[in-house]
Amino acid sequence: MTAIATAAALSLPISLYRPAKINAKKSVRGGFRVFALFGEEGGLVDKKSAWSMLFDVEDPRSKVPQCKGKFLDVNQALEVARYDIQYCDWRARQDVLTIMLLHEKVVEVLNPLARDYKSIGTMKKELAELQEDLAQAHRQVHISEARVATALDKLAYMEALVNDRLLQDRHTSGTDQTCASPSTSKQSLDIVKGKLPRKSLNVSGPVQPYNTRLKNFWFPVAFSTDLKDDTMVPFDCFEEPWVIFRGKDGIPGCVQNTCAHRACPLHLGSVNEGRIQCPYHGWEYSTDGKCEKMPSTQLRNVKIKSLPCFEQEGMIWIWPGDEPPTATIPCLLPPSGFEIHAEIVMELPIEHGLLLDNLLDLAHAPFTHTSTFAKGWSVPSLVKFLTPASGLQGYWDPYPIDMEFRPPCMVLSTIGISKPGKLEGQNTRQCATHLHQLHVCLPSSRKKTRLLYRMSLDFASVLKHVPFMQYLWRHFAEQVLNEDLRLVLGQQERMNNGANVWNLPVGYDKLGVRYRLWRDALERGAKQLPFMEPM
Ligand code: FES
Ligand SMILES: [Fe+2]
């Protein structure tokens with residue numbers, strides 16, 4: 001990296017690499033030594049000069065561990081990745097030296113005092129050759145830059161895998177051994193070879209029917225404020241239509257959104273005295289699905305499907321699974337000190353897993369959100385997601401953003417804001433003010449997600465009382481989401497045609513990868529789920 005920076009600082013008009021045309025005092029293959037370089041007056045200085053320090057670096061190739069065809073554990077693989085970086089660094093230094101030496105040659109050719117008499121034609125020819133050499137070396141520097149970038153990326157990914165392995169060893173001993181993980185020895189070797197653990201993370205082809213294990217969770221489906229006494233909220237969940245409404249006691253219930261008589265959607269009707277009335281022939285159902293009125297005919301014993309349904313902390317929750325519901329409903333409220341400013345619901349034409357992948361990724365922001373919150377952001381040289389504990393939560397580096405995936409389909413994030421509209425500081429604790437977000441991605445169907453978005457602030461309380469602010473928040477949220485949507489829709493189309501949307505994960509994809517590994521283990525019925533406390 002130092003060498004690359006130096007090359008840029010030299011600002012040479014052109015650069016080159018053609019070892020065969022450079023005389024013996026230049027590079028020596030295998031053991032690189034510099035014997036002479038420019039001094040301040042353009043003369044040569046000895047190898048003890050400041051420049052010689054830059055180039056006096058040993059060729060690391062002889063020390064690279066011989067691992068071809070061997071299975072490596074993660075630490076060995078990490079060591080190989082480190083040697084990769086050293087080699088790239090050495091290579092880049094060699095390229096810069098080549099440029100300097102050719103520069104020396106150009107000066108020599110042009111200096112009338114330092115050369116024998118030459119005709120103009122001879123000089124032109126020599127200069128043309130040097131120009132060609134310089135252009136070649138310039139290309140070589142670019143290749144070195146790309147190699148260094150790739151090697152760094154690989155090293156970051158390897159470090160993440162080692163980190164995962166250590167955490168797994170510490171926290172999930174006894175884990176179901178069939179659980180796929182990218183940190184096995186075989187997979188580490190794949191990384192060294194430049195391949196990825198494809199088998200463990202293959203999300204391709206048309207979305208498969210939902211696994212019933214994914215249904216055995218409490219799912220938030222609506223905000224309490226959207227469910228008045230005489231209104232109802234229809235939604236789809238796992239390919240089935242449901243509707244929630246409040247009973248006479250104000251307690252919400254969830255029933256199938258299909259009339260038992262002739263399958264008319266119930267939400268097209270109305271809620272009267274705690275019963276939902278079908279708009280076709282007026283049959284009325286209570287919150288447990290029992291038909292209590294059948295106008296113009298004799299009442300029969302009819303019941304439609306209903307789901308366990310509760311209200312907690314401003315949200316309505318349902319349990320769509322076939323196992324008994326767990327006793328506790330998770331808390332999704334923001335931390336103390338925050339006030340809720342916006343609650344927004346959107347129906348999106350994408351599969352919920354793809355939306356979660358998108359929300360768990362921050363590295364895309366400076367490329368995708370260029371008209372909204374990431375406008376003017378620079379692109380960091382390295383983006384990482386750091387997990388202080390084995391789990392599905394951590395924080396982004398270099399962004400002041402904490403993030404968590406909360407099973408089965410929630411993303412919580414806290415964003416540090418130093419100045420209005422500005423993202424500064426290395427972590428959220430350094431920031432005086434914060435924005436807290438909750439995204440619930442309810443799996444409506446294999447092509448649809450019901451998104452519940454809640455935004456809270458620990459400052460600007462007065463905004464809660466500004467008229468029409470809800471509309472403005474909604475406008476901002478839609479703008480941001482639209483920037484993502486066109487891309488994720490494109491992914492979905494590719495995926496349905498067979499492409500793997502997790503074909504090549506890199507270091508900053510850590511949280512998304514962990515979500516997929518968690519979901520994969522859940523759907524396979526693993527005894528202990530990865531990244532979760534042992535049950
Ligand atoms: S279809 Fe609902 S009452 Fe007839
Ligand atoms: Fe985004």
Side-chain angles (χ1 to χ4, degrees), residues 232 234 241-243 245 255-272 275-286 289-306 344 346 348-377 379-380 383 385 396 399 401-405 409-415 423 435 437-441 449 451 453 455 475-492 501 508-512 515:
M232 55 202 133
W242 301 95
V243 58
F245 62 100
V255 299
Q256 72 175 51
N257 190 9
T258 306
C259 182
H261 181 215
R262 290 178 57 197
C264 179
L266 293 173
H267 78 276
L268 299 176
S270 58
V271 176
N272 305 313
R275 287 187 298 271
I276 190 165
Q277 185 186 52
C278 177
Y280 215 166
H281 308 91
W283 292 20
E284 291 187 19
Y285 303 89
S286 56
K290 188 166 174 26
C291 185
E292 294 185 337
K293 284 194 176 179
M294 285 185 192
S296 315
T297 188
Q298 189 184 355
L299 181 66
R300 299 179 190 197
N301 187 16
V302 172
K303 201 166 186 276
I304 54 175
K305 274 201 286 183
S306 64
I344 295 162
M346 294 183 222
L348 305 174
I350 46 179
E351 194 268 336
H352 89 288
L354 283 177
L355 184 59
L356 282 167
D357 291 342
N358 172 266
L359 293 169
L360 295 170
D361 165 26
L362 195 64
H364 74 275
F367 301 97
T368 305
H369 298 292
T370 49
S371 302
T372 55
F373 70 92
K375 191 174 184 176
W377 283 17
V379 177
V383 175
F385 184 76
W396 287 94
Y399 300 114
I401 298 179
D402 300 343
M403 192 174 276
E404 176 187 355
F405 168 69
C409 61
M410 278 80 87
V411 181
L412 294 119
S413 52
T414 304
I415 301 162
L423 208 59
L435 180 149
Q437 299 187 108
L438 163 70
H439 291 86
V440 178
C441 303
T449 300
L451 175 67
Y453 173 70
M455 190 276 285
H475 173 70
F476 290 150
E478 283 177 348
Q479 262 193 321
V480 171
L481 210 66
N482 283 337
E483 287 177 318
D484 288 313
L485 261 187
R486 65 192 185 94
L487 311 182
V488 182
L489 276 168
Q491 280 184 297
Q492 182 166 264
V501 293
Y508 53 66
D509 292 320
K510 188 191 228 175
L511 190 55
Y515 156 62

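Note that ligands are numbered from 1 as they come in the structure, with each ligand's atoms numbered from 1 the same way.
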Side chains of [X] and [Y]: does their closest heavy-atom pair fall under 4.5 Å?
X: Tyr508; Y: Trp396; answer: yes
X: Gln256; Y: Trp242; answer: yes
X: Glu483; Y: Ser371; answer: yes

Inset, instruction - Using only N, O or S atoms, tell me which atom of His261 is closest to atom 4 (Fe) of ligand 1. - result: ND1

Inset, instruction - Mark up the atoms of ligand 1 that fall under 4.0 Å of a heavy atom belonging to Tyr280, in ascending order. - result: 1 (S), 4 (Fe)

Legend entry - Sub-4.0 Å atoms of ligand 1 with respect to non-hydrogen atoms of His281: 1 (S), 3 (S), 4 (Fe)

Inset, instruction - Would you check if atom 4 (Fe) of ligand 1 lies under 2.8 Å from any N, O or S atom of Cys264? - result: no

Inset, instruction - Please state whether the separation between atom 2 (Fe) of ligand 1 and some N/O/S atom of Cys259 is under 2.8 Å? - result: yes

Inset, instruction - Tell me, please, if Cys278 has any N/O/S atom, main chain or side chain, under 2.8 Å from atom 2 (Fe) of ligand 1? - result: yes

Inset, instruction - Return the orientation label for the Trp377 and Phe373 ring planes: parallel under 30°, perpendicular over 60°, tilted otherwise. - result: perpendicular

Inset, instruction - Please work out which of the three classes, parallel, tilted or perpendicular, describes the rings of His261 and His281, given edges at 30° and 60°. - result: perpendicular

Euclidean distance, [Y] [atom2] relative to [X] [atom1], rounded to 0.5 Å:
X: His369; Y: Asp484; atom1: NE2; atom2: CG; answer: 3.5 Å
X: Ile415; Y: Leu435; atom1: CD1; atom2: CG; answer: 5.0 Å
X: Met403; Y: Thr414; atom1: CE; atom2: OG1; answer: 9.5 Å

Inset, instruction - Run the numbers on Leu362 and Val383 for side-chain contact (heavy atoms from CB on, under 4.5 Å), then give the verdict. - result: CA-CA 9 Å; Leu362 195 64; Val383 175; 5.8 Å; no

Legend entry - Distance from atom 1 (S) of ligand 1 to nearest protein heavy atom, with residue and atom: Arg262 N, 3.4 Å

Inset, instruction - Output, by chain and residue number, all protein N/O/S atoms separated from the Fe ion (ligand 2) by less than 2.8 Å. - result: His364 NE2, His369 NE2, Asp484 OD1, Asp484 OD2

